[in-house]
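Structure, as structure tokens:
In each ligand, atom 1 is the first atom listed, and ligand 1 is the first ligand listed. The residues of the chain are indexed from 1 along the displayed sequence. Quick note: numbers below take in every heavy atom, side chains included, and nothing from hydrogens, waters or symmetry partners.
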Amino acid sequence: MNKQELQAAVDKRRTFAIISHPDAGKTTITEQLLLFGGVIREAGTVKAKKSGHFAKSDWMAIEQQRGISVTSSVMQFDYQGKRINILDTPGHEDFSEDTYRTLMAVDAAVMVIDSAKGIEAQTKKLFKVVKQRGIPIFTFMNKLDRDGREPLDLIAELEDLLGIEGYAMNWPMGMGKGLLGLYDRRAKQVELYRENEAGERFLPLDADGKLDPSEPISQESIYRDTLDDIALLNDAGNQFDLKKVMQGDQTPVFFGSALTNFGVETFLKNFVDMAPSPSEHVLEDGRKLSPVDPNFSGFVFKIQANMNPNHRDRIAFVRIGAGEFERGMDVTLTRTGKVMRLNNSTEFMANSRETVESAVAGDIVGLYDTGNFQIGDSIFAGKEPVEYAKLPQFTPELFMRVTAKNVMKQKSFHKGMQQLVQEGAIQLYRTYSTDDYILGAVGQLQFEVFKFRMQNEYNSEVVMTPIGSRIARWIDETQLDEKMSSSRNLLVKDLAGAPLFLFENQYAMRWFQDKYPDVRLTAKL
Ligand code: G4P
């Protein structure tokens with residue numbers, strides 16, 4: 001590709017992830033998006049994978065057992081001349097650090113909220129990570145076909161609980177059984193839930209933002225209530241501000257119902273239009289790298305292990321940051337300086353794994369890995385080394401004490417542990433006084449994967465004793481006194497030797513803070 005072609009290709013990319021609390025409708029909306037993209041022909045396909053249609057797959061055995069769909073890790077399709085990459089962020093019990101790290105590889109996020117429930121715990125956690133990146137966040141208020149909370153409350157909650165301004169792009173005209181349609185403030189039209197007698201789905205609004213009075217719906221009280229709401233929004237609501245949207249300070253809000261496929265296409269059209277294409281990446285040394293830099297480079301944000309149990313191979317997911325990826329190209333692994341030929345690559349599609357011929361910034365390529373890569377690694381072609389900014393560390397919430405089952409096999413235990421920790425599969429801590437091993441994770445699945453891999457890859461059986469959920473807070477070493485530690489606030493050190501407390505609960509943390517008001521406690525992301 002020449003420079004212009006590269007620029008045009010990058011401009012087409014829209015790479016994003018959907019964040020939500022389990023059951024808010026992420027799978028359902030993803031399916032609708034794939035339908036619009038022509039990737040699947042009927043709804044229910046993604047779900048089928050979730051529940052275990054996995055015969056042909058050769059992915060990680062543990063994931064098969066659990067029926068987690070990893071082929072849908074990255075879904076790519078074309079829509080309205082744009083190339084869409086949706087990166088999956090697993091929820092439920094498969095929530096892990098990978099979920100967070102995936103958010104480091106996207107250019108925008110879509111937040112799906114159940115309009116009956118509002119903002120829930122997992123959405124809040126994921127939002128925090130996205131917000132920290134300063135990328136645009138689009139909101140889809142789902143399940144409008146059911147009675148939910150007042151739309152004005154839902155918008156206010158964005159500000160109150162997440163600290164982000166909401167701007168309603170469209171507004172529900174009723175909900176549940178009384179759902180008539182959406183009042184589209186941007187396109188200046190009403191999108192009907194059910195076609196009118198003339199078979200129309202979209203009705204234009206006049207200059208005053210009103211429907212033609214001969215339209216039967218304009219006689220409904222729900223319509224008049226909507227006009228009141230719109231007047232209120234126009235007068236007292238937030239003003240639309242694209243700049244704020246782009247830096248993640250304002251979220252455009254779309255209402256709809258994924259299940260009945262209402263409002264989803266409107267959302268997609270607007271999203272494709274407004275969401276950014278890949279932009280500059282800040283490197284570790286502070287330099288900025290343009291996505292159309294002629295030299296290929298990218299970073300590993302996720303490693304999926306043992307996809308094929310016969311080969312013990314792994315796949316490193318690389319987000320391309322610049323240049324063009326081509327099969328068979330030589331790249332250097334920045335951390336080690338090792339040069340590798342990338343001739344065994346796969347690109348991830350929702351319905352198949354196809355060998356990638358070329359890909360540009362914004363795209364994700366999966367590279368077969370025999371143990372070269374670590375999470376966060378940079379690779380580059382060309383002469384000048386490229387090192388992407390380090391991925392942030394996330395505060396684990398679940399902890400386990402871990403030991404080798406067979407004391408005679410300490411060597412393989414230590415080797416496996418060291419490698420898995422280095423790879424970023426799990427966090428490791430040591431207790432201050434006794435040097436015991438404590439594992440930390442954000443989701444239960446990380447422990448299970450750890451145990452499985454220790455056994456299968458390092459032939460080391462481990463015994464894990466749950467410590468349960470804890471609040472991890474780092475403390476400055478100069479303020480530390482070992483007497484501060486108790487069973488309710490276990491003192492450990494991280495890999496770098498930095499001390500932290502694992503508090504049993506909020507109460508234990510507050511008690512500690514009251515007792516030691518001068519001690520500053522800090523959390524990672
Ligand atoms: P998730 O991936 O975020 O966990 O949610 P998922 O799409 O699986 O949806 C969770 C449940 O909510 C599903 O019902 C789904 O059908 C329902 N749902 C999603 N969007 C809408 C919507 O717009 N309106 C309504 N009324 N329901 C919606 P389920 O009964 O748990 O699953 P299933 O047995 O129907 O597949």
Side-chain angles (χ1 to χ4, degrees), residues 16-37 39-40 42-53 63 66-75 86-96 98-100 102-103 106 109-127 129-130 137-151 154 169-182 191-194 253-268 271 350 443-445:
F16 70 100
I18 302 180
I19 60 173
S20 67
H21 192 82
D23 282 341
K26 189 179 69 170
T27 311
T28 312
I29 200 169
T30 303
E31 275 189 355
Q32 303 291 5
L33 299 178
L34 295 178
L35 279 167
F36 290 124
V39 177
I40 54 173
E42 56 183 310
T45 322
V46 180
K47 202 82 176 190
K49 278 189 188 148
K50 228 182 184 177
S51 53
H53 278 301
E63 301 222 71
R66 298 177 60 100
I68 297 164
S69 165
V70 283
T71 38
S72 60
S73 277
V74 181
M75 292 159 273
I86 308 181
L87 275 55
D88 189 30
T89 49
H92 301 242
E93 55 285 355
D94 36 322
F95 190 69
S96 71
D98 277 346
T99 310
Y100 283 143
T102 296
L103 300 176
V106 296
V110 171
M111 179 160 71
V112 176
I113 294 174
D114 181 334
S115 57
K117 296 196 175 138
I119 295 157
E120 298 174 87
Q122 198 147 303
T123 311
K124 225 169 142 178
K125 283 197 220 170
L126 292 162
F127 175 86
V129 174
V130 177
I137 303 162
F138 296 77
T139 301
F140 189 83
M141 296 287 183
N142 193 25
K143 308 199 184 181
L144 209 55
D145 57 303
R146 282 200 188 151
D147 285 328
R149 306 221 329 236
E150 280 298 320
L154 291 166
M169 303 295 291
N170 52 32
W171 199 250
M173 301 170 69
M175 57 171 63
K177 288 205 170 61
L179 178 61
L180 295 182
L182 288 169
E191 180 173 354
L192 295 173
Y193 188 48
R194 292 188 187 81
V253 180
F254 299 83
F255 288 83
S257 156
L259 191 67
T260 61
N261 199 3
F262 180 61
V264 179
E265 192 167 21
T266 300
F267 163 75
L268 179 62
F271 174 80
Q444 184 66 24
L445 180 70

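Residue contacts with ligand 1: Ala258 is placed with a nitrogen or oxygen under 3.5 Å of a nitrogen or oxygen of the ligand (distance criterion only). Considering backbone and side-chain atoms together, Gly25 places an N or O closer than 3.5 Å to an N or O of ligand 1. Of the polar atoms of Thr260, none of the N or O atoms is found under 3.5 Å from an N or O of ligand 1, judged by distance alone.
For ligand 1 and Pro22, the ligand atoms under 4.0 Å from any heavy atom of the residue are 4 (O). Against a heavy-atom cut-off of under 4.0 Å, Lys26 is close to the following atoms of ligand 1: 1 (P), 2 (O), 3 (O), 5 (O), 7 (O). Set against the non-hydrogen atoms of Arg146, the atoms of ligand 1 under 4.0 Å away are 26 (N).
No option in Phe267, Trp171, Phe140 other than Trp171 meets the ring-ring contact (aromatic ring centres under 6.0 Å, His included) test with Phe255.
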Using a 3.5 Å cut-off and no angle test, enumerate the donor-acceptor pairs between side-chain atoms of residues 112-119 and protein atoms at least two apart in sequence or in another chain.
unit_1, atom_1, unit_2, atom_2, d
Asp114, OD1, Ala116, N, 2.9
Asp114, OD2, Lys143, NZ, 3.4
Ser115, OG, Asn142, O, 2.6

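Residues Thr260 and Tyr193 meet the side-chain proximity criterion, which asks for heavy atoms closer than 4.5 Å.
Nearest-residue assignment for atom 2 (O) of ligand 1 (options Thr27, Leu259, Asp145; heavy-atom criterion): Thr27.
For Arg146, there are no salt bridge (Lys or Arg N to Asp or Glu O under 4.0 Å) partners at least two apart in sequence or on another chain.
Proximity of the aromatic rings of Phe271 and Phe16 is defined here by a centroid distance below 6.0 angstrom, and this criterion is met.
With a 4.0 Å heavy-atom cut-off, ligand 1 is reached by the backbone of Asp23 and by its side chain too.
Checking side-chain atoms of Thr139 against main-chain N and O of Met111 turns up no donor-acceptor pair under 3.5 Å.
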